[in-house]
Structure formats: C-alpha cells, structure tokens
Amino acid sequence: MINVVLKDGAMRQVPANSTGYELAELISRRLAKEAVATRINGELMDLRTILKDGDAVELVTASDPEALEVLRHSAAHLMAHAVVRLFPGTRLGIGPSIKDGFYYDFAVAEPFKPEDLPRIEEEMKRLAGEKIPLHRHEISREESLAFFASKGEDFKVELIRDLPPDETITYYDQGEFLDLCAGPHLLETGQIKVFKLLSIAGAYWRGDEKRPMLQRIYGTAFFKQSDLDAHLHRIEEAKKRDHRKLGRELDLFSMQDEAPGFPFYHPKGMILRNQLEEFWRKEHRKAGYQEIRTPIILNRVLWERSGHWDHYRENMYFTKIDELDYAVKPMNCPGSMLVYRNTMHSYKEFPLRYCELGLVHRHELSGALHGMARVRAFTQDDSHIFITPEQIEDEVGRVIALVDKFYKVFKMSYRVELSTRPEGAMGDIAVWNVAEEALENVLKHREIDYRLNPGDGAFYGPKIDFHIEDSIGRSWQCATIQLDFQMPEKFDLTYIGEDGQRHRPVVIHRVLYGAMERFIAMLIEHYAGAFPLWLAPVQAVILPITDRAREYGQELQAQLEEAGIRTELDTRNEKIGFKIREAQMQKIPYMLVIGDKEVEQGLVAVRTREGGDQGTMDPKEFFARLKAQVENKE
RNA sequence: GCCGAUGUAGCUCAGUGGUAGAGCAGCUGAUUCGUAAUCAGCAGGUCAGGGGUUCAAGUCCCCUCAUCGGCUCCA
C-alpha cells in the first residue's frame with residue numbers, strides 16, 4: 001500500500017501501482033465516471049498514470065476548465081484518426097486544443113472540401129462508438145525518429161528533432177492510430193461524445209509562409225450537448241455584433257471594390273469619429289500635449305534617413321513629384337522629428353509632447369484586410385514625446401495611466417503585451433536591452449500583468465501593446481507605447497541640458513485609440529452598435545403620431561438642436577409602432593413620442609432604447625437629463 | 001501574398017444548361033393611426049469583370065477583381 005494526499009489535504013491509502021482512475025473508483029463510482037484526468041503534484045496527467053507514494057493527487061472532472069483542454073486534445077486525435085482512415089497517405093502536423101476548441105493540421109494530396117467535414121464527423125462518431133482505449137508510451141529519441149521517418153511523417157520527425165535533448169518523448173496509441181504527443185488524454189474515445197467540426201483553412205507549417213501549407217480543420221468539443229449548443233448560439237450572437245454588419249446597417253461606413261482596404265466614412269460614422277476626436281483633443285490638452293499636423297507625402301531621402309526605407313519598404317506606397325521620389329507616410333514619426341528639429345530645445349521643455357491625428361497608409365496583405373479593423377489607410381492618434389533618459393519611467397507611467405483612463409471611459413478591458421526586438425532591427429543590441437528593461441520595469445513597478453511577445457517590437461524599439469478582443473474573440477492591438485533611441489540618433493536630435501551642453505533626447509511613440517478605424521470597429525462590437533449617448537450619431541428621434549403633432553415636433557427639434565442634442569424628426573406617414581421599430585433597430589438612445597395629448601400639455605412621452613416607455617416628461621427636464629448624461633459620458 | 005469558400009436588385013436570399021425571382025428597403029397612392037412591421041400599385045438587374053465551351057450559360061471551363069474564414073495558440 002502507498003499513501004497519496006488528496007485535494008482537501010486528506011491522506012488516502014491505495015494499493016501500490018494504483019492509477020488515478022483506480023483511486024477515483026475507490027472514492028466513489030460517480031467520481032470514477034466523471035474523472036477526466038489527474039493532477040499529480042500540480043501536473044496534469046492521464047487517469048492511467050500510476051500513482052507513487054506521497055503524491056499529491058487531484059482528480060480533474062468535467063467541471064474543471066482544464067478538463068475541456070484534455071477533452072479537446074483527445075478530440076483532435078480522434079479527428080486525426082478519422083482523417084487518416086478516410087484519406088490514406090495523410091501526413092500529420094500538429095493538433096492542439098485551443099481556446100474554444102481544437103484543430104489538427106494535415107498534409108493531404110487534395111485540400112479538404114466542406115462536404116468532407118460531415119464524413120469525417122461520421123467516422124469520428126464511429127471511432128468513438130468503438131470505445132478505443134488511449135495508451136501512453138515512452139520511447140527513445142532514436143526509436144521515435146526511426147519510427148516516424150519510416151511512416152513518412154516528416155513533420156513529426158522535425159518536431160522530435162526540435163525537442164530539448166533531455167525531454168521524455170512519448171506517443172499515444174488509440175487502436176491502429178499512433179501519434180507523437182505529450183498528453184494527457186482521456187481513457188478511451190467513447191468519452192468524446194459532443195463535438196462538431198467547424199471550418200477548414202490553409203495554414204503554413206509552423207506559421208511560416210516559407211514552409212509548406214497544410215490543411216487545418218477546426219472543431220470544438222464539450223462534455224454536454226447543451227454546452228455545445230450554447231457555444232454555437234454564442235457564435236451566432238457574436239456575428240450580429242460584427243462591426244462590418246453593423247457598420248452597414250447603421251450606415252456608419254462602407255468599403256468599396258474601387259478602394260480595397262480604404263474605408264469610406266458616412267455622415268453617421270463621421271459623427272462618431274468626431275466625438276472620439278473631440279474627447280481626445282480635450283484630454284490631450286489637459287495632459288500637457290500640443291497638437292501638430294505633418295504632411296502625408298514626404299521625400300524619399302527622409303525615409304532613407306529614418307530607416308523606413310530599409311525596414312518598412314514593402315509596406316509603403318510611393319509616388320513621383322517633378323521626377324523626385326516621394327513616399328506616402330506609413331508612420332508619423334519622421335514628420336514629428338522634423339518639427340522637433342526645426343528649433344532648439346531645452347531640457348526645461350521636457351517632457352515635450354507633440355500629438356497628431358495622422359493619416360498613414362500601409363500596404364497590408366490583401367488576405368489580411370478585415371473591415372475597419374485592418375485597413376490600408378488609417379488615422380493614428382499618435383504622439384511623440386521627447387524626454388531625457390531619466391524621465392523614461394515616469395513618462396511611460398503617465399502614458400499607461402492615460403491609456404487606462406481612456407479605456408475606462410468606454411468600459412473596455414484590454415490585455416497588455418511587452419514586445420521585444422524583432423529580427424533585422426535597427427541599432428545596437430545594448431541599447432535595445434536598456435529600452436526593453438526600462439519598459440519591463442515600468443510594468444513591474446505598476447504591477448501590471450503582461451504577456452511577453454518576443455520579436456514583435458517595432459524596428460526602432462520595443463513596445464508595450466494593449467490588445468482588445470473583438471466580438472468573436474480575435475485580439476487586436478490598439479494602444480501601444482514604444483521606446484525609441486534610434487530616431488533621435490538618425491535625425492541628430494538634441495536638447496540643451498542643465499550643463500549647457502547638447503544631449504540626445506529619448507523619444508516615446510504612443511497611440512491610445514491606436515487607429516481611429518480599428519478603435520471604431522472595436523467600439524461598434526463592444527457596444528453592439530448601441531452607443532452611449534455622447535457617441536450616438538442620432539441621440540434622439542421625435543416621432544409624431546399624426547400630422548397634427550408635426551409642428552410641435554419641429555419646435556422640439558429646434559430646441560433640442562439648440563441644446564446640442566443630435567435629433568431627427570420622423571414625419572413619415574407611418575404608424576407609431578413602425579417608427580419605433582425603425583428607431584429601435586437604428587439603436588437610437590431616445591425616442592420622443594408626441595401625439596395630441598403631448599401637444600396639448602406641452603410634454604414629451606419618452607421612450608428609451610433599453611427601457612421602453614418611460615411616460616411623459618417636461619421637455620426642459622428631458623433636455624437637462626440628456627445634457628447631464630452626455631456630460632458624464634454615460 | 002498563400003489555402004479554401006463565396007459573389008444574382010440598396011439589403012437578405014431562391015434560382016443545377018432552355019424567357020432572371022421573392023421578402024425587406026425605394027417610389028406613388030390610400031390610410032392620420034398611442035409604444036418593435038397598415039394596405040395597394042409601380043419601378044428596380046451587363047447575374048462581380050473578362051474570355052471560352054454550347055443551338056442555348058446566372059448555371060459548365062479558364063483568367064482577373066473583391067469579399068469571407070484561416071495562416072498566433074507548438075507533439
């Protein structure tokens with residue numbers, strides 16, 4: 001007999017060589033049925049793993065979030081098993097469990113067709129019905145290489161080669177299907193009951209466009225049918241929030257075949273954008289920024305100097321003026337540098353904060369374009385802050401606080417990443433290390449949770465990125481703070497220090513919204529088109545019930561516009577229910593229904609987007625309420 | 001850019017080789033109505049663009065363009 005420690009701290013005696021599953025059986029039949037995996041000394045393992053004396057053992061059941069990962073990982077294997085059966089000669093890539101599901105990458109002679117998915121699902125169901133047990137095996141590096149090489153599984157061979165030398169190599173079998181895998185897995189395929197294959201996509205081997213393209217199948221799996229149904233329902237609901245759909249329905253913007261990736265703002269989209277910009281200007285004045293504007297087209301020589309010519313050329317657009325080469329700016333920084341260099345500067349001016357709503361153009365891959373979220377022309381709410389090296393931490397901290405202030409106004413949550421030196425970066429590695437350390441320090445001192453994103457920095461410096469998720473969980477970089485020692489060097493920027501000598505400033509590049517276009521996309525999805533009053537393109541609509549209320553409606557509209565409320569008057573010859581329905585679908589915050597009673601009494605019947613009929617109110621009182629709400633950005 | 005899918009009226013979609021359709025939106029008229037769709041009529045199309053096969057192409061083939069999903073989650 002051996003002793004193991006359970007989750008609640010209790011000691012439990014079990015026969016030697018017991019597995020987690022056997023332990024579960026000892027505790028209760030129900031637990032044995034519900035157990036998915038064991039956590040042994042903190043590590044997630046198979047239920048078949050043999051327990052050792054003194055192990056801390058926790059039985060992981062379906063209610064544990066990690067259980068889903070195990071299930072989905074096993075579901076990926078089940079899918080691969082089915083694919084290999086249906087499409088002999090298929091070679092395997094990788095098949096992990098991911099957020100909301102799983103995928104598996106396959107090298108196949110012919111790409112999968114949508115009709116293949118139901119066939120594969122059928123085969124998976126058949127294999128699940130066979131309740132095939134999964135077994136883990138350890139294998140030596142040589143054996144595993146020889147084995148997978150003999151089967152022509154060159155992707156697996158590459159994976160094994162890349163494993164650290166001391167790594168234990170394991171594979172799993174389920175019937176005739178073998179796969180290199182670290183596990184853990186379920187006991188047998190019959191435990192995979194609720195799953196669905198969702199989509200097919202091409203995916204480069206290891207995400208590298210120079211490597212072969214594999215065929216990826218995405219799917220998802222759950223323990224309960226109701227969970228899968230809920231998940232599919234959520235996906236449907238999320239599609240309704242898609243900014244591309246709402247942008248059209250609410251008439252905010254459009255994309256045209258004549259200008260792929262270059263958005264067209266419609267009047268209502270423009271109101272939204274102008275509100276964001278107005279708020280931005282006000283906050284920037286308060287925070288000590290000075291607004292500038294620099295040209296969109298600048299001479300090639302400038303871009304050679306800034307390093308963009310060498311590091312960013314593929315993403316730039318070019319033109320000729322009087323036989324000279326010019327480039328359309330992909331970034332605002334060089335322009336800002338020229339403004340700085342135009343006059344002498346003293347340390348007393350620092351931090352010197354220029355800000356600019358700068359329209360930039362970047363050639364993005366055609367396949368990467370995505371509504372307003374990834375476009376080829378966008379306005380960055382940019383800023384270039386000139387500081388002394390000593391001011392770095394303090395000023396980066398101020399910018400982080402400003403980012404947070406902005407995102408709180410919209411009640412948007414974000415994830416922070418620290419992106420470090422990319423390949424082919426400009427400048428000295430030692431300088432990079434200093435810059436990366438400085439950013440890391442700020443994050444640590446402010447106790448901000450962040451994820452490291454190695455190699456994803458700008459070519460001139462490391463950055464702190466703020467990511468926002470869209471309606472279907474895709475993550476988009478919005479705000480970013482970048483530290484730059486390179487541009488000041490390239491542009492020979494100086495300031496006069498306390499000692500009367502010339503010194504080199506440090507530059508912080510930063511955006512808060514990121515790009516107006518992308519931020520608007522995120523806002524639309526965040527609010528599902530139902531903007532708070534201060535942003536709503538139409539804030540109130542007056543709905544006369546009959547023509548008799550028309551004149552009163554016009555008076556009201558004049559008064560509302562006078563009070564600064566964006567108002568429409570719907571005088572169409574339609575029934576009130578119809579007008580309300582349309583206003584509701586346009587997600588207009590306030591509807592003012594006026595009929596004979598209101599005209600007579602000089603009142604308005606207020607209906608809100610969220611709360612329905614609110615009863616009648618004095619117009620003055622209503623105006624005050626709206627003004628207060630706009631003021632508070634509620 | 002690459003892999004796959006899609007492209008028919010402003011929008012959502014039907015139309016599997018034989019005379020281009022529906023609903024909504026639009027326009028016109030009637031209706032003057034109390035909190036999410038009043039009724040009737042009219043108009044609306046180079047079936048993304050180009051080329052080909054065929055007696056005949058929205059439909060089959062090829063090219064181009066655009067859009068959508070994916071190409072980050074490491075056995």
Side-chain angles (χ1 to χ4, degrees), chain A residues 69 73 76-77 80 92-105 108 110-114 116 144 148 153 155-160 162-163 167 169-172 179-183 198-218 239 242 244-245 248-249 251 254-261 314 363-371 417 451 453 456 467 472 474-475 543-550 573-585 591-598 605-609 612-616:
Chain A
E69 287 176 32
H73 192 177
H77 273 232
L92 303 173
I94 58 169
S97 117
I98 53 172
K99 183 176 178 252
D100 294 334
F102 62 86
Y103 69 78
Y104 212 113
D105 286 345
V108 277
E110 288 283 313
F112 295 117
K113 294 183 194 68
D116 293 332
S144 65
F148 285 104
E153 294 282 6
F155 297 110
K156 297 291 181 189
V157 169
E158 183 180 329
L159 290 170
I160 297 166
D162 289 352
L163 287 173
E167 181 92 6
I169 296 173
T170 58
Y171 71 90
Y172 278 76
D179 194 3
L180 177 74
C181 185
L198 297 170
S199 61
I200 306 165
Y204 295 108
W205 172 237
R206 298 190 145 182
D208 183 345
E209 61 191 343
K210 292 178 195 72
R211 310 294 303 268
M213 178 161 275
L214 307 181
Q215 293 297 311
R216 174 173 298 180
I217 301 179
Y218 283 96
K239 281 185 191 159
D242 191 312
R244 293 166 298 186
K245 182 174 155 69
R248 183 173 54 241
E249 287 172 359
D251 200 14
S254 62
M255 293 292 175
Q256 311 282 342
D257 280 4
E258 288 81 353
E314 290 91 72
H363 182 75
E364 298 290 345
L365 293 179
S366 59
L369 300 178
H370 183 88
E417 285 189 8
R451 202 159 86 180
N453 195 359
D456 212 30
H467 294 251
I472 58 170
R474 283 183 286 220
S475 168
L543 309 176
I545 290 171
T546 69
D547 285 345
R548 293 189 296 282
R550 190 179 186 142
N573 182 6
E574 295 291 350
K575 291 170 92 164
I576 193 65
F578 180 84
K579 293 184 183 182
I580 287 172
R581 177 182 155 81
E582 296 229 319
Q584 199 74 43
M585 289 196 305
M591 287 154 261
L592 300 180
V593 177
I594 49 172
D596 293 339
K597 273 188 285 179
E598 286 74 19
V606 177
R607 182 187 168 93
T608 64
R609 182 174 59 191
D613 193 352
Q614 305 289 302
T616 54

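First the proteins, then the strands, lettered A, B, ... as listed; each starts at 1.
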Side chain of [X] only, heavy atoms from C-beta on: which candidate in [options] is closest?
X: A:Met213; options: B:rC71, B:rC33, B:rC3; value: B:rC3
X: A:Ile98; options: B:rA37, B:rC73, B:rG34; value: B:rC73
X: A:Leu180; options: B:rA36, B:rA75, B:rA66; value: B:rA75

Hey, does [X] reach any base, or is it just sugar-phosphate, or nothing, if we go heavy atoms under 4.0 Å?
X: A:Asp162; answer: nothing
X: A:Ala201; answer: base
X: A:Gly577; answer: sugar-phosphate

Inset, instruction - Go ahead and name the base partner of B:rC65; Watson-Crick or wobble counts if both distances stay under 3.5 Å, otherwise write none. - result: B:rG7
Going by modelled atom types, is there a donor-acceptor pair between the base of [N] and the side chain of [X] at under 3.5 Å?
X: A:Glu167; N: B:rA75; answer: yes
X: A:Glu364; N: B:rG1; answer: no
X: A:Tyr204; N: B:rG1; answer: yes

Inset, instruction - Search all heavy atoms of A:Leu159 against all heavy atoms of A:Gly93 and return the closest pair with its distance. - result: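 Shortest heavy-atom separation between A:Leu159 and A:Gly93 comes out as CD1-O, 4.4 Å.
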Inset, instruction - With P as the reference atom in both, quote the distance from B:rU67 to B:rG26 in angstrom, rounded to an integer. - result: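 Roughly 28 Å separates the two P atoms.
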Inset, instruction - Using the P atom on both, measure B:rU64 against B:rG69 and round to a whole Å. - result: 23 Å
Inset, instruction - Give a yes/no answer on whether the side chain of A:Arg216 brings an N or O atom under 4.0 Å of OP1 or OP2 in B:rG4. - result: no
